Structure formats: structure tokens, C-alpha cells
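Whatever order the structure lists them in is the order used to number ligands and atoms, beginning at 1. This one's a predicted model, so the numbers in the text were calculated from it and none came from an experiment.
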Amino acid sequence: MKKLIGPRKVKTAVFISGTGSNLYNLIKFSKTKKSPILINLIISNTKKAKGLIYAKKFRIKKKIINFKFKKNAEKKILSIIKRNDISFICLAGFMKILSGNFIKSFNGKIINIHPSLLPKYKGLNTHEKAIKNKEKFSGCTVHLVTKKLDSGKIIMQKKVRIAKNESSNSLSKKVLKQEHKLYPAAIMKILN
Ligand code: GRF
């Protein structure tokens with residue numbers, strides 16, 4: 001008889017604040033047979049996030065949570081996550097810093113993608129910083145989220161060569177292309 005139900009996939013929420021190219025890429029990945037995740041929820045801290053279009057396009061539940069009062073925002077998110085049986089969170093261009101309490105209460109199953117070769121260039125404007133420091137390489141990192149910004153255990157990294165006369169714009173495009181390969185690979189690594 002034909003098997004109707006495949007192997008159990010991990011119910012996942014993706015948190016965004018902007019364009020959502022990583023979100024789109026993860027949704028595509030989640031629809032492949034090899035993917036260990038299903039994306040059931042998209043959370044954004046702003047209704048202006050362009051990536052929210054993918055919620056409609058792929059019929060995924062979305063919630064916009066205002067972070068003006070972080071404690072309240074995180075409380076709301078935790079309850080939505082519980083209600084939706086989510087057990088894994090991928091941050092993808094999410095511009096808010098989650099509190100230690102939130103991270104702890106979600107049991108450490110939160111990962112993030114960052115556009116630099118961590119531990120170098122934590123925080124914002126990574127491409128500008130790498131170019132200014134005359135680095136030969138930059139890249140991207142998927143890491144576990146801890147309460148210390150961009151400092152959790154590294155899951156996977158991908159290097160990108162910085163060309164002569166590279167602009168932060170061209171570098172960010174190059175790195176983003178690699179991010180789209182790295183994020184699914186890192187998810188497979190930690191969930192399989
Ligand atoms: C990516 O470069 C990601 O590494 C960083 O923010 C950017 C988000 O891009 N954290 P997108 O919204 O996924 O297109």
C-alpha cells in the first residue's frame with residue numbers, strides 16, 4: 001500500500017524583519033523530500049517586512065509582533081509558538097535581539113544566519129567593516145542563538161573571496177547567494 005505519511009518533520013517558525021530572501025529559500029527547501037523541517041509560522045516585528053508576501057504566497061500563518069515592549073512581545077510569541085506546536089526557530093534577517101529568558105524558555109533550539117565569518121564582525125554593517133579592514137575573505141555563518149549577540153556555537157560557515165574594489169553592495173550580494181546554500185545545509189546538519 002502507498003505510504004501516506006512521510007517521516008515526521010520538525011515544525012519550524014522563521015523570524016524576519018526585511019526582504020525575506022532567506023525565508024523564501026527556506027520555504028523552498030522545506031518543500032523538498034530531504035528537508036527535516038516544515039515551516040508553519042512566520043513572525044515579523046514589522047508589517048513593513050517585504051518577506052511577509054511569502055506568507056500569503058505559500059499559505060503560511062504569519063504574525064506581526066511589535067517589539068516596542070520586548071517583554072510583552074516575547075510573551076506573545078511564546079504563546080503563539082506553543083499554540084502552533086513549534087519546536088525550532090530560524091532567524092533570517094530578524095533585527096531584534098531576543099532576551100536570555102526567551103532563548104532559555106525555548107530550550108536553545110534557535111539558530112541564526114549572520115553575514116560574516118564569525119567570530120569576526122558581529123552586529124551590523126559587516127560588509128563595510130570587512131572591506132574597511134582589507135580582509136581577503138568574508139562569508140556567512142549559521143550559529144546557535146545564545147543571549148550574547150552573534151556568539152553562539154557555530155554550526156557551519158561559508159567563505160567568500162573579497163575582490164579588489166569590492167563594494168559592500170556587491171559583497172552583500174555574493175554573500176547572500178552563499179547564505180541560501182548554507183542555511184539549508186546547516187539545518188540538515190543539526191537536525192539529522
Ligand atoms: C542576510 O544577509 C542575513 O544574513 C542578515 O540579514 C540579511 C537578511 O536578508 N542577518 P533577507 O531578508 O533574508 O533577504
Pick whichever of Leu182, Ile113, Leu176 has a heavy atom sitting closest to atom 10 (N) of ligand 1. Ile113
Looking at Asp150, Thr126, Asn22, the heavy atom closest to atom 9 (O) of ligand 1 belongs to Asn22
Ile37 backbone acceptor or donor facing Thr12 side chain under 3.5 Å: no
Using modelled atom types only, decide if a donor and an acceptor are shared between the side chain of Ser99 and the backbone of Phe102 within a distance under 3.5 Å. yes
What protein heavy atom sits nearest atom 5 (C) of ligand 1, and how far away is it? Pro115 CD, 3.8 Å
Closest to atom 14 (O) of ligand 1 among protein heavy atoms sits Ser21 OG, 2.6 Å
Would you mind checking if Lys174 and Glu166 are paired as a salt bridge, meaning a charged N to carboxylate O distance below 4.0 Å? yes
Should Lys120 and Glu135 count as an ion pair when the cut-off is N to O under 4.0 Å? yes
Count the heavy atoms belonging to other residues, nucleotides or ligands that lie under 6.0 Å from CE of Met188, then report whether that count exceeds 12. yes
Enumerate the atoms of ligand 1 whose separation from the nearest heavy atom of [X] is less than 4.0 angstrom.
| X | result |
| --- | --- |
| Gly93 | 6 (O), 8 (C), 10 (N) |
| Gly20 | 11 (P), 12 (O), 13 (O), 14 (O) |
| Glu179 | 1 (C), 2 (O), 3 (C), 4 (O) |
| Thr19 | 12 (O), 14 (O) |

Donor-acceptor contacts under 3.5 Å from residues 50-69 side chains, at least two apart:
{"residue": "Lys61", "atom": "NZ", "partner": "Asn84", "partner atom": "OD1", "Å": "3.0"}
{"residue": "Asn66", "atom": "OD1", "partner": "Lys68", "partner atom": "N", "Å": "2.7"}

Decide whether Ile27 and Ile111 are clustered together by the hydrophobic rule: side chain heavy atoms of Ile, Leu, Val, Met, Phe, Trp, Tyr closer than 4.5 Å, transitively. yes
Below the 3.5 angstrom mark, is there an N/O of Gly18, backbone or side chain, next to an N/O of ligand 1? no
